[in-house]
Trainee: 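My questions all concern the structure below.
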Amino acid sequence: MTQRETPTETFEFLNKPSQNALNHDIGKGRGVFISTYGCQMNVNDSERMYSLLEMSNFTPVSTPEEASLIIINSCSIREKAVHKVYSEVGTYRPLKQKKPELLIGVGGCVGQQEKDKLMKNHPLIDFVFGTDAIDELPQTIQQALGRSRGDSKIVNAQFHHREPYHVDTLVRNPGVATFVNITKGCDNFCSFCVVPFTRGREKSRPVSHVLNDIHLLTKRGVKEVTLLGQNVNSYEGDCGTDFADLLKKVAVETDLQRIRFTTSHPKDFNQKLMTVMADHTDKICEYIHLPFQSGNSRILELMNRGYSREEYLDKIKMIKETLPNVVLSSDIIVGFPGETESEFQQTIDMVEEVGYETIFAFKYSPRPNTKAAKLTEQVDEAIKTERLNRLFDRHEAMAFEMVKKYEGQTLEVLVEKVETGGLKLSGRSRQNKLVFFEGPESLLGQMVPVKIIRAMPAVFRGEIVVPS
Ligand code: 5AD
Ligand code: SF4
């Protein structure tokens with residue numbers, strides 16, 4: 001979508017971010033560029049930052065060279081992601097030399113976690129803000145702008161643990177498919193994961209706020225929403241509402257045509273949720289991302305995942321019995337401390353037994369503060385790499401075979417994008433497959449039947465079925 005929309009300010013917010021003591025002209029004549037790393041939550045947060053900064057009259061620009069303000073919205077899930085942030089800051093040295101008034105800020109999970117280190121070791125950085133300080137970003141920038149040489153740098157990275165999670169979705173141009181946060185933070189403390197330290201305690205948004213957001217989004221033309229949280233299944237709304245209740249309300253009480261959610265945690269995934277999904281297949285897509293992380297029960301215990309291999313497989317059985325057409329995907333970690341060859345083999349077996357069409361697999365990366373980082377039996381990097389490659393090779397062969405069944409099938413595709421070259425349109429099927437096909441731009445935002453001609457694990461090619 002390229003067209004500009006009504007400014008974010010004019011929508012009916014229940015909980016507008018506080019703009020107290022803010023000079024709304026701080027952005028006048030200033031371009032802002034945000035560089036985003038990591039998960040969907042971060043992509044959504046960057047959109048929120050752009051919306052807030054537009055309210056202060058900043059102009060979004062598409063390159064760092066055009067910007068007077070550069071923000072790096074960082075990720076710290078694995079060590080590599082953290083390195084990327086540091087090296088990106090370094091690339092801005094020539095820009096800062098040319099334009100000394102250029103402000104550089106680091107937000108997101110690295111900002112939260114490494115605030116002191118960032119401030120001390122990186123003279124190029126002007127301010128750091130944490131994951132709970134996004135709504136205060138205009139004020140933080142105002143402070144950074146008012147700072148004189150020699151003043152200490154601005155750090156705004158406190159968690160607001162006691163405050164409820166009452167923030168409305170801010171999105172400038174939602175297109176036809178967008179995201180709505182339902183929870184933030186995480187209390188699970190999987191032993192490998194840094195998120196509970198970088199995103200703080202888990203909090204859920206009230207049901208009415210989620211529904212109000214969706215009503216506003218559907219009025220703006222949104223057809224599909226993905227409900228987002230680190231663990232959506234532990235959603236606890238007001239009056240005892242759990243995730244299954246929320247999902248049902250979204251299906252029944254909103255005009256959305258499609259609903260997705262991510263990420264699910266196997267320990268909290270239950271029959272009640274499956275029943276809601278099965279009762280609302282007209283709207284809720286039959287695609288579930290259910291990370292198992294490891295196929296071995298000893299490793300799962302060390303990971304503090306709260307389920308064994310057998311318990312996970314029981315959930316898969318329940319899911320497949322209730323939703324026979326379900327499409328499954330998973331996150332997997334290889335080379336967790338102490339993982340033996342035969343334990344890794346159980347991970348490969350799991351991939352084959354469950355039949356995931358998509359996997360997201362990673363080498364274990366020790367993270368600060370986490371229990372697993374303190375385990376002594378760290379696996380050799382070369383072994384991790386070899387296991388990861390073996391896992392991908394096995395999965396790829398299987399995935400090519402699995403997706404062949406779609407060739408010749410007609411899938412309902414929500415057209416999300418007009419492509420520039422070759423095949424003109426693209427969108428996703430209910431099974432979350434990216435489909436490319438030719439068709440007129442007027443189909444943007446429509447559900448169209450597309451016959452699949454060629455199915456590969458990541459993308460499908462098809463042609464529109466013209467009604468006879
Ligand atoms: N090392 C490797 N992968 C990790 N993940 C989370 N923490 C780590 C880590 N320390 C993976 C998990 C999670 C996904 C988002 O990232 O598989 O589900
Ligand atoms: Fe990390 Fe586990 Fe929370 Fe997911 S559920 S964010 S892996 S601690």
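Please read these numbers as outputs of a predicted model, since none were measured by experiment. Numbering of ligands and ligand atoms starts at 1, following listing order.
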Trainee: Heavy-atom contacts with Phe192 under 4.0 Å: which atoms of ligand 2 show up? List them by number with element.
Mentor: 7 (S)
Trainee: Parallel, tilted or perpendicular: which fits the ring planes of His289 and Phe360, with parallel below 30° and perpendicular above 60°?
Mentor: perpendicular
Trainee: Which atoms of ligand 2 sit under 4.0 Å from any heavy atom of Arg305?
Mentor: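 Those atoms are 2 (Fe), 7 (S).
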Trainee: What are the atoms of ligand 2, with element, lying closer than 4.0 Å to any heavy atom of Gln230?
Mentor: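 By the 4.0 Å cutoff, the relevant atoms are 6 (S).
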Trainee: Could you check whether the rings of Phe192 and Phe336 sit parallel, tilted or perpendicular, using 30° and 60° as the cut-offs?
Mentor: perpendicular
Trainee: Quick check on contacts: which atoms of ligand 2 are under 4.0 angstrom from a heavy atom of Val195?
Mentor: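 Heavy-atom distances to Val195 below 4.0 Å select 6 (S).
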Trainee: Starting from atom 2 (Fe) of ligand 2, locate the nearest protein heavy atom and write down its residue, its atom name and how far away it is, to 0.1 Å.
Mentor: Cys190 SG, 2.3 Å
Trainee: Between the main-chain N or O of Thr198 and the side-chain N or O of Thr131, is there a donor-acceptor pair closer than 3.5 Å?
Mentor: yes
Trainee: Pull out every atom of ligand 2 sitting under 4.0 Å from any heavy atom of Asn188, numbered as shown with elements.
Mentor: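 It comes down to these atoms of ligand 2: 5 (S).
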Trainee: What protein heavy atom is closest to atom 2 (C) of ligand 1, reported as residue, atom name and distance in Å?
Mentor: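 Sorting protein heavy atoms by distance from atom 2 (C) of ligand 1 puts Lys363 O, 3.3 Å first.
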Trainee: Distance-only, no hydrogens or angles: does the Asp238 side chain make a donor-acceptor pair with backbone N or O of Val207 under 3.5 Å?
Mentor: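 Checked: pair present.
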Trainee: Do any nitrogen or oxygen atoms of Tyr364 lie less than 3.5 angstrom from nitrogen or oxygen atoms of ligand 1?
Mentor: no
Trainee: To the nearest 0.1 Å, how far is atom 12 (C) of ligand 1 from its closest protein heavy atom, and which atom is that?
Mentor: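 Protein heavy atom at minimum distance: Gln293 OE1, 3.4 Å.
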Trainee: Relative to the ring of Tyr312, is the ring of Tyr356 parallel (under 30°), tilted (30 to 60°) or perpendicular (over 60°)?
Mentor: tilted
Trainee: For atom 5 (N) of ligand 1, find the nearest protein heavy atom and state the residue, atom name and distance (0.1 Å precision).
Mentor: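 The answer is Arg78 NH1, 3.4 Å.
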Trainee: Compute the minimum heavy-atom distance from Arg199 to ligand 2 and say whether it is under 4.0 Å.
Mentor: no
Trainee: Quick check on contacts: which atoms of ligand 1 are under 4.0 angstrom from a heavy atom of Arg367?
Mentor: 10 (N)
Trainee: Distance under 4.0 Å to a non-hydrogen atom of His265: what atoms of ligand 2 satisfy this?
Mentor: 5 (S)
Trainee: Side chains of Asp168 and Asn212 only: does a donor on one sit below 3.5 Å from an acceptor on the other?
Mentor: no
Trainee: Using a 4.0 Å heavy-atom threshold (strictly under), name the region of Phe192 that reaches ligand 1: side chain, backbone, both or neither.
Mentor: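 For Phe192, the contact with ligand 1 is made by both the backbone and the side chain.
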Trainee: Just checking, any donor-acceptor pair under 3.5 angstrom between side chains of Glu54 and Tyr50?
Mentor: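 Absent: no donor and acceptor within the cut-off.
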Trainee: Around atom 1 (Fe) of ligand 2, find the nearest protein heavy atom and jot down its residue, atom name and distance.
Mentor: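 The answer is Cys193 SG, 2.3 Å.
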Trainee: Counting heavy atoms only, which of Asp331, Ile77, Val334 is nearest atom 6 (C) of ligand 1?
Mentor: Ile77
Trainee: Nearest protein heavy-atom contact for atom 1 (N) of ligand 1: which residue, which atom, what distance?
Mentor: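 Checked against all protein heavy atoms, atom 1 (N) of ligand 1 sits closest to Ser365 N, 3.0 Å.
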Trainee: Side chains of Tyr86 and Glu114: is there a donor and an acceptor less than 3.5 Å apart?
Mentor: yes
Trainee: Below a 4.0 angstrom heavy-atom separation, can you tell me which part of Pro196, side chain or backbone, both or neither, approaches ligand 2?
Mentor: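 Within the 4.0 Å criterion, Pro196 contacts ligand 2 through side-chain atoms alone.
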Trainee: Within ligand 2, which atoms have a heavy atom of Cys186 less than 4.0 Å away?
Mentor: 3 (Fe), 5 (S), 6 (S), 8 (S)
Trainee: Under 3.5 Å, is there a donor-acceptor pair between the side chain of Lys248 and the main chain of Met277?
Mentor: no
Trainee: For a quick test of reading the model, state the closest non-hydrogen atom pair linking Leu52 to Ile134 and the distance between them.
Mentor: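 Scanning both residues, the minimum pair turns out to be CD1-O, 3.4 Å.
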Trainee: Between Ser329 and Thr358, does any side-chain donor sit less than 3.5 Å from a side-chain acceptor?
Mentor: no
Trainee: Parallel, tilted or perpendicular: which describes the rings of Phe189 and Phe197, with under 30° parallel and over 60° perpendicular?
Mentor: perpendicular
